[in-house]
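Everything numeric here is computed off the predicted structure, so don't read it as measured data. In this chain, residues are counted from 1 in sequence order.
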Amino acid sequence: MDKDLCQKIREWVDAHEEAVISDVRRLVSIGSVAELDSSVPPYGQACRDVMEEYCKIAVEHGYRCTSYDDRVIRVDTGEGDGQPDIGIWNHLDVVPAGHDWKYEPYGLTVDGGCMIGRGVKDNKGPAVAAIYAVRCLQELGVELKHKISFYAGLEEEKGMTDIHWLTDHQVELPKMNIVLDSRYPVCHGEKGILGITVANKNALSGNILEIQGGESENSVAGRARMVVKAAWPVQAPAGLPDWLSISWEAGKLTIETRGLSKHAAHAEGSENAIHRLFCAVSGREPSCKALRDLLGGSLDKDTLKLFEACADISAGIYGDGLGIAAEDGISGRLTAVASLVALRDHICSLTFNIRYPITMKEHSGLVEKIGATAAGLDMEVASCFGKAPGYFPAEHPMIESLMNTYNEFLGRDEKPFTMAGGTYARLLPNAFGYGFRLVPETAYPEGLIPEGHGGSHSADEAVPVELYKQQLTLFILSLAEGQKVELS
């Protein structure tokens, strides 16, 4: 590692701190949740707005932009001609803000030395970092042996149709692709992803007016609610858990549960509001027996039996309730979380986000197992979609270069890893994740971020400014060292 260059990069990053924050603010201020059915194709007005703002930022830095059907933006830096050798990938769409924010989700707050707002981690903050990384190398006179371009997609969080569009239209892509959408050091493999929805075969009681919960398909549900007809005034039973609230008005009983939402890929420590809802109304939760008794006059036995089944299959995070528990030595245990629930035409649909081990190769066997479990509960598979696992050899010279730079920069001795998250890396050629997050993360100042908040898909998504600068310095240095590697 070139220590003199490292010091120059640190100084450059310090000098551009305010400019970086300003550009992150411009992107975070746009609530760019992709809308696949929008009248503004392909992903809605907010995604179009954030795309245009990102292009303005790139042009202000002296770069030129190419739009691929308003789905992916390619930014070229002027170094060399033709196709880039290395592509740096981010996305500009975000998951919905969800609930319980202390700060404004779509207006970057800088407080206590932290940037707070939806997208500062996932993935607008890193998208800005890519721009500044290449600019720093250019201004410090680092020879870019490999032509670098960076790309920003507009629909990563839901289905990655942006990247599928590129492959369907045979768009030529870089020789090697680095995705800034996981954590440091190198992520060379990703679990497979299965999204699957199960539903009851027979109509529920007509007294069920509403069931809804969850914020996005790839997040543990943080809120859920059920509305039931109740002609009599209802008083809340004593001893209910603090995550449950009930209210009665105009012949309707509303039952609401709160959980602790996390990214479905990192569900450990979460609390699922959908599971809690079904535990409460079915009586699976001992402290809610009185509520179950209260509902007995409005709901038939088959409906209550279905709610018991939903409580059972949504329990835990390792797929035991669905009958699909599995693990391997490369990527660990399968995880499965209930992420969305809805009611339509008296049919309750429950969606699961499943991350399965890399060595399973495909998800077809899982669908069959879940179908068998559902059939035994008078349910059926209503829909499913999958993303195959991704894998890149950890022995590649570029991986070795990045790992050496990372370990020397931080004084560590770590190895490449695999993860449960789903990024563009699984769909791109010769692709892997490298940052843009250091762990363990710097602790937030006491009282700044509520407990359970601050994560990529959580309320009050946040990153300390000094940590962001350290991550950016590491990435710039890694790109400089990577110029010495021969690409095959």
Do you know which two heavy atoms are closest between [X] and [Y], and how far apart they sit?
X: Ala152; Y: Leu154; answer: O-CD2, 3.8 Å
X: Ser339; Y: Ser219; answer: CB-O, 3.2 Å
X: Ala199; Y: Ala382; answer: CB-CB, 4.4 Å
X: Pro440; Y: Arg412; answer: CD-NH2, 4.1 Å
X: Cys47; Y: Ser32; answer: SG-O, 3.8 Å
X: Val75; Y: Cys65; answer: CG2-SG, 4.0 Å

With no hydrogens and no angle check, do the side chains of [X] and [Y] hold a donor and an acceptor under 3.5 Å apart?
X: Tyr43; Y: Asp162; answer: no
X: Ser261; Y: Ser458; answer: no
X: Gln470; Y: Glu466; answer: no
X: Ser401; Y: Glu481; answer: no
X: Ser38; Y: Gln45; answer: no

Do [X] side-chain atoms and [Y] backbone N/O form a donor-acceptor pair below 3.5 Å?
X: Glu190; Y: Gly390; answer: no
X: Glu156; Y: Asn90; answer: no
X: Thr418; Y: Ile330; answer: yes
X: Arg118; Y: Pro96; answer: yes
X: Asp23; Y: Ile57; answer: no
X: Thr373; Y: Leu322; answer: yes
X: Asp69; Y: Arg71; answer: no
X: His146; Y: Val485; answer: yes

Evaluate side chain to side chain contact (heavy atoms under 4.5 Å, CB included) for Asp181 paired with Asp122, printing each intermediate quantity in order. CA-CA 7 Å; Asp181 195 15; Asp122 187 15; 3.1 Å; yes
Atom [atom1] of [X] and atom [atom2] of [Y]: how far apart are they, to the nearest 0.5 Å?
X: Ile196; Y: Thr351; atom1: CD1; atom2: OG1; value: 9.5 Å
X: Arg74; Y: Arg64; atom1: CZ; atom2: CZ; value: 7.5 Å
X: Met160; Y: Glu155; atom1: CE; atom2: CD; value: 8.5 Å
X: Ile73; Y: Ser149; atom1: CD1; atom2: OG; value: 13.0 Å
X: Met398; Y: Glu400; atom1: CE; atom2: CD; value: 11.5 Å
X: Lys191; Y: Lys387; atom1: NZ; atom2: NZ; value: 15.5 Å

Residue pairs fulfilling salt bridge (Lys or Arg N to Asp or Glu O under 4.0 Å) with at least one residue in residues 82-100, sequence neighbours excluded: Asp85-Lys175, Asp100-Arg223
Does CD belonging to Glu143 count more than 12 external heavy atoms closer than 6.0 Å? no
How about [X] and [Y]: do any of their side-chain heavy atoms sit closer than 4.5 Å?
X: Asn123; Y: Thr423; result: no
X: Ile449; Y: Cys114; result: no
X: Leu474; Y: Tyr434; result: yes
X: Tyr106; Y: Val33; result: yes
X: Ile399; Y: Pro393; result: no

is_close_aromatic([X], [Y]), centroid dist under 6.0 Å:
X: Tyr63; Y: Phe150; answer: yes
X: Tyr184; Y: Phe475; answer: no
X: Tyr391; Y: His188; answer: yes

Test side chain to side chain contact (heavy atoms under 4.5 Å, CB included) applied to Leu340 and Glu217, step by step: CA-CA 6 Å; Leu340 297 171; Glu217 190 275 332; 4.2 Å; yes
Could you walk me through whether His457 and Glu157 pass the side chain to side chain contact (heavy atoms under 4.5 Å, CB included) check? CA-CA 10 Å; His457 286 199; Glu157 294 289 2; 3.4 Å; yes
Run Leu140 and Ile476 through side chain to side chain contact (heavy atoms under 4.5 Å, CB included) and show every step you take. CA-CA 11 Å; Leu140 293 183; Ile476 297 169; 5.8 Å; no
Got a sec, which residues hit ring-ring contact (aromatic ring centres under 6.0 Å, His included) with Phe392, two or more places apart in sequence or on another chain? His396, Phe432
Lys/Arg-Asp/Glu bridge criterion (N-O < 4.0 Å) met for [X], [Y]:
X: Lys145; Y: Glu486; value: yes
X: Glu60; Y: Arg26; value: yes
X: Lys124; Y: Glu53; value: no

Quickly, which of Met115, Arg437, Lys121 forms a side chain to side chain contact (heavy atoms under 4.5 Å, CB included) with Tyr468? Name it, please. Met115
Listing, residues 14-22 side-chain donor-acceptor contacts under 3.5 Å, not counting sequence neighbours, or none:
unit_1	atom_1	unit_2	atom_2	d
Asp14	OD1	Lys469	NZ	2.8
His16	ND1	Trp12	O	2.7
Glu17	OE1	Lys469	NZ	2.8

